[in-house]
Amino acid sequence: MSERIILKPYLRLSGLEPLIVRPETNFVNVGERTNVTGSKKFARLIRENKYEEALSVARQQVESGAQVLDVNMDDALLDGKQAMTTFLNLLQSEPDIAKIPVMIDSSKFEIIEAGLKCVQGKCIVNSISMKEGEEKFIQQAMVCQSYGASVVVMAFDEIGQADTFKRKTEICERALKILTEVVGYEAQDIIFDLNIFAIATGLEEHNNYAVDFIEATRYLKQKHPLIKISGGVSNLSFSFRGNEPVREAMHSVFLYYAIKAGMDMGIVNAGQLVVYDEIEPALRNLCEDVIFNRGNDNNEATERLITFAETVKAKDKEEKKDDVWRLLPVEERLKHALVNGITDFIDADTEETRLKFNKPLEVIEGPLMAGMNVVGDLFGAGKMFLPQVVKSARVMKKSVAYLFPFIEEEKKNNPLAQQGGAAKILLATVKGDVHDIGKNIVGVVLGCNGYDIIDLGVMVHTDKILDTAVKENVDIIGLSGLITPSLDEMVHVGREMTRRGMKLPLLIGGATTSRIHTAVKIEPGYDSGVVHVLDASRSVTVVSSLLSKDQKEGFLNNIRKEYTKLRDDFGKKQSAKQYISFADAQANGVKIDWQNYTPPTPAFTGVKVFDDYNLAELRDYIDWAPFFIAWELGGRFPQLLDDAVIGGEARKLFTDANALLDKIITEKWLTASGVIGFWEAAKTGSETITVKDGDKTFNLESLRQQVKKAPGQPNLSLADFIKPSTPILSVGNPSPKGGGWEGAADYLGAFAVTIKGIEPHIQRFQQELDDYNKIMLQALADRLAEAFAELLHARVRKEFWGYVKDEQLTTEELIKEQYIGIRPAPGYPACPEHTEKYKLFELLNATENTGIYLTESLAMYPAASVCGWYFSHPQSQYFGIGKISQDQVDDYAKRKGWDTEEAEKWLRPNLD
């Protein structure tokens with residue numbers, strides 16, 4: 001009788017040779033360079049079909065000490081399955097590489113499965129997670145297990161990525177229970193990636209990320225000793241991109257402590273790890289401070305590392321400049337630097353000025369504010385423009401940052417010495433809204449004028465806004481928003497301020513806001529001063545008036561009189577406007593000869609995903625006019641570049657924008673992701689389009705114009721542009737809840753596009769006190785998203801739907817919408833009710849396919865995102881619904897399955 005061999009519960013992997021991860025193994029290096037997203041060289045070789053040359057990258061990783069080889073082919077320009085299969089098959093024929101196990105790395109499970117069919121030995125799958133729920137997680141885990149693979153499980157669930165100790169441990173223990181008890185995995189074959197995030201970004205909430213990873217590792221390994229812990233180490237130092245000595249030191253210090261806590265493996269560049277003991281002691285100590293969030297109040301540890309990092313950068317790049325102004329007295333040098341946006345000498349000049357004054361705060365209140373007053377005067381007189389003001393703000397912030405430790409020391413030594421200070425203004429984008437470019441610009445301009453800005457960011461709940469206002473004893477609250485539900489949220493904030501008995505002035509701004517809405521909807525709910533601020537250039541005058549004891553009362557009285565008149569005029573105008581009944585509006589829809597029309601058939605039905613679309617191609621579709629409007633340099637593009645007043649600054653801005661765009665594209669800062677889809681569709685009710693997606697049907701509900709039109713002019717609804725089903729329901733009847741019709745009458749398309757990856761770069765610019773490039777990057781991301789929408793619509797017309805294959809339109813003609821068909825967006829004039837976005841997202845599976853998600857107010861995040869419907873009929877056109885009457889509200893509520901209150905909530909901007 002043969003003796004049964006019982007193997008010890010170790011993680012056992014293999015290529016041509018076994019890799020047994022025992023307790024004494026210490027740490028497994030996973031080579032990261034055979035990854036198209038992590039190595040430019042490898043990506044280029046794969047795209048050029050130079051697979052055999054690409055094997056040299058893998059060989060280098062093995063020679064540098066990698067014990068597992070991570071292979072990733074996730075690139076929009078590649079056929080991922082084919083690339084993974086080709087490379088892995090070639091790799092298996094190279095014994096010096098194939099001796100180590102492979103980690104098949106992809107965000108697409110079909111690529112993972114293709115890779116599993118190619119490798120010999122026992123590999124690792126990277127990765128699976130519960131982000132799409134337990135059912136899919138179990139299904140994918142079973143496939144991996146059937147191939148005998150170990151699995152990396154991301155600390156990611158239906159809510160999102162785990163970023164705290166609590167979330168990391170809870171998600172991993174839940175996943176472990178499922179994998180061991182439901183799927184049947186052995187604990188030693190499960191590797192948890194606990195998410196290593198960037199630290200030292202300048203944002204307080206990021207400071208504990210490394211600590212949370214290390215402590216979660218310690219907890220999980222003590223409680224479940226057989227599991228393995230991994231992570232992508234290079235994420236940790238993203239803030240120091242471009243400074244390799246500091247990055248390598250941070251990685252080595254982090255691994256030194258993470259391995260002690262139980263980390264088993266990590267994706268690192270095996271050739272770029274320095275020995276812990278060989279790191280310069282000063283640098284090592286600074287790295288430990290930021291990793292352990294030690295002595296990091298007010299980001300002090302972060303600032304110390306940033307300062308030190310500058311000393312290890314290359315110092316051989318010096319520019320020759322006109323230095324005549326350097327001969328001026330130091331106060332004049334500060335003024336020159338502020339007006340001209342020069343940061344090169346600001347620390348030295350600030351220090352020289354500090355030594356001339358008794359207190360560091362006097363430097364701010366004296367020469368710095370004198371310089372900023374010049375900037376403010378020039379801006380107010382139209383002699384400086386917003387881009388220049390933002391550059392001035394960058395200089396001011398750097399000078400203040402230099403003085404900050406001295407001010408804190410002064411406070412410590414003499415608590416009464418620094419009382420008083422600038423007026424405080426709290427700014428926030430309201431709950432559910434993610435757009436903040438305009439708010440950021442207003443904050444910079446006000447900051448330039450000496451005000452203390454507290455920016456709470458985006459998606460801020462009313463309670464947090466008002467609680468912070470009380471806690472910080474602010475002088476003014478400013479609210480921002482872009483989408484129409486934000487208007488209701490602003491009304492709510494005003495009413496809540498009344499309920500709490502607050503007396504602070506309330507500023508209203510943002511793309512969808514207006515004086516009319518502020519006067520009609522917001523001011524009646526709050527009587528302590530509500531002012532609509534059109535743009536950043538007006539904000540300084542408004543704020544100074546509100547904060548002046550002599551001016552405030554008269555200013556607000558004038559505003560109240562103005563808003564009372566606006567309300568009265570608005571009421572009269574609404575009374576003068578004539579509306580027709582909903583039934584009459586339905587009878588006056590667009591007249592289309594459907595009998596003699598054959599709808600075009602798209603090249604496919606279902607969805608098509610575009611991952612990592614080429615940004616260089618999007619560049620050609622950019623509409624630059626809104627970019628200049630964001631910087632308050634209005635006018636027609638490109639004519640504004642030669643404008644007698646703004647042309648000079650506009651050209652500088654355009655040059656800077658294109659330089660940053662070059663960097664974004666060549667260094668792949670941002671990723672363009674999109675999805676389009678087409679489905680059988682038919683008009684099944686007067687304002688209802690029914691869409692068929694496999695076995696599912698969706699009723700898309702539209703609104704119809706009700707304003708009385710001139711004879712022969714229709715009352716438009718988007719449903720008018722889709723061919724009716726046979727038989728169509730009679731006018732006024734409710735649309736079907738689902739089910740078929742007699743044949744597909746027509747087709748409807750949809751799209752969602754986004755520009756991702758902006759956050760680390762925004763954080764870096766914030767850390768560098770660089771508002772100019774921060775705002776520039778946000779504005780460019782928005783332009784790229786719109787360009788992506790424009791490009792895909794052109795491809796839809798010419799290729800994917802193909803109803804105008806020979807279209808030849810210039811960029812200017814595209815911007816003027818001189819094409820056939822339309823792409824209206826939910827929440828915009830033709831379809832202003834936002835909740836129809838839920839159906840669009842479900843049809844496109846938009847969140848999974850693009851990474852866009854909807855906030856509670858139906859804004860899209862990332863903020864640089866666009867979605868909409870595609871209509872192909874030649875008579876389809878853009879229009880606005882305008883105001884509607886109660887009879888249509890009641891009909892819409894019935895079709896949506898809502899009560900009247902819910903319908904009025906979402907239709908409020910359109911209510912008569």
Side-chain angles (χ1 to χ4, degrees), residues 197-212 235-251 253-254 279-315 334 337 343-355 359-361 363-364 368 393-413 418 421 443-444 447 452-455 457 759-774:
F197 294 125
I199 59 172
T201 65
L203 297 179
E204 293 277 349
E205 58 266 33
H206 298 173
N207 289 348
N208 220 49
Y209 280 163
V211 176
D212 285 333
N235 294 342
L236 182 85
S237 64
F238 196 90
S239 299
F240 293 88
R241 206 172 179 189
N243 193 328
E244 292 308 313
V246 171
R247 296 194 75 183
E248 290 166 15
M250 289 179 71
H251 299 166
V253 171
F254 174 79
I279 301 171
E280 184 181 345
L283 176 57
R284 187 174 64 217
N285 291 336
L286 291 168
C287 290
E288 289 180 350
D289 285 347
V290 296
I291 286 167
F292 287 104
N293 196 14
R294 193 166 60 197
N296 206 19
D297 294 340
N298 299 312
N299 287 310
E300 289 170 10
T302 297
E303 292 300 326
R304 289 195 298 273
L305 182 57
I306 291 168
T307 302
F308 187 89
E310 293 300 317
T311 69
V312 297
K313 280 187 176 179
K315 299 176 181 177
L334 280 178
T343 59
D344 303 51
F345 310 97
I346 195 63
D347 284 358
D349 286 350
T350 303
E351 172 63 9
E352 185 178 337
T353 310
R354 183 185 72 83
L355 296 174
K359 298 173 183 176
L361 191 60
V363 179
I364 297 174
L368 283 177
R394 177 170 56 185
V395 179
M396 178 74 170
K397 284 188 174 183
K398 286 183 179 291
S399 183
V400 172
Y402 180 87
L403 292 168
F404 185 77
F406 299 102
I407 294 172
E408 291 301 297
E409 185 66 23
E410 178 76 14
K411 284 182 182 177
K412 210 181 295 178
N413 296 335
Q418 304 286 340
V444 169
D452 184 1
I453 306 302
I454 300 172
D455 189 341
E759 291 84 357
H761 306 290
I762 292 293
Q763 290 166 9
R764 185 176 73 255
F765 287 137
Q766 287 175 329
Q767 182 180 304
E768 294 169 353
L769 307 175
D770 190 350
D771 287 310
Y772 181 72
N773 277 306
K774 172 190 166 186

Apply side-chain contact (heavy atoms from CB on, under 4.5 Å) to residues Thr302 and Asp289 and explain how you reach the verdict.
CA-CA 8 Å; Thr302 297; Asp289 285 347; over 6 Å; no
Quick one: closest heavy-atom pair of [X] and [Y], and the distance?
{"X": "Leu283", "Y": "Ala249", "answer": "CD2-CB, 3.6 Å"}
{"X": "Glu300", "Y": "Gly295", "answer": "CB-O, 3.7 Å"}
{"X": "His206", "Y": "Ala198", "answer": "CB-O, 3.8 Å"}
{"X": "Leu236", "Y": "Met250", "answer": "CD2-O, 3.8 Å"}
{"X": "Leu769", "Y": "Lys397", "answer": "CD1-O, 3.4 Å"}
{"X": "Ile762", "Y": "Lys774", "answer": "CD1-O, 3.6 Å"}

Please verify the inter-ring angle class for Tyr402 with Phe406; under 30° counts as parallel, over 60° as perpendicular, anything in between as tilted.
tilted
So how far is it from [X] [atom1] to [Y] [atom2], rounded to the nearest 0.5 Å?
{"X": "Asn773", "Y": "Phe765", "atom1": "CG", "atom2": "CZ", "answer": "4.5 Å"}
{"X": "Asn285", "Y": "Glu280", "atom1": "CG", "atom2": "CD", "answer": "10.0 Å"}
{"X": "Ile199", "Y": "Phe240", "atom1": "CD1", "atom2": "CZ", "answer": "8.0 Å"}
{"X": "Asp349", "Y": "Leu368", "atom1": "CG", "atom2": "CG", "answer": "10.5 Å"}
{"X": "His251", "Y": "Cys287", "atom1": "NE2", "atom2": "SG", "answer": "9.5 Å"}
{"X": "Glu303", "Y": "Gln767", "atom1": "CD", "atom2": "CD", "answer": "7.0 Å"}

Is the backbone N or O of Glu768 less than 3.5 Å from a side-chain atom of Lys398, with the two atoms forming a donor-acceptor pair by type?
yes
Residues two or more places apart in sequence or in another chain: which of them pass side-chain hydrogen bond (donor to acceptor under 3.5 Å, both in side chains) with Thr350?
Ser399
Is Arg394 paired with Asp770 through a side-chain N to carboxylate O contact shorter than 4.0 Å?
yes
How far apart are the C-alpha atoms of Ile346 and Leu334, what are their side-chain angles, what is the distance that settles it, and do they pass the side-chain contact (heavy atoms from CB on, under 4.5 Å) test?
CA-CA 7 Å; Ile346 195 63; Leu334 280 178; 3.6 Å; yes
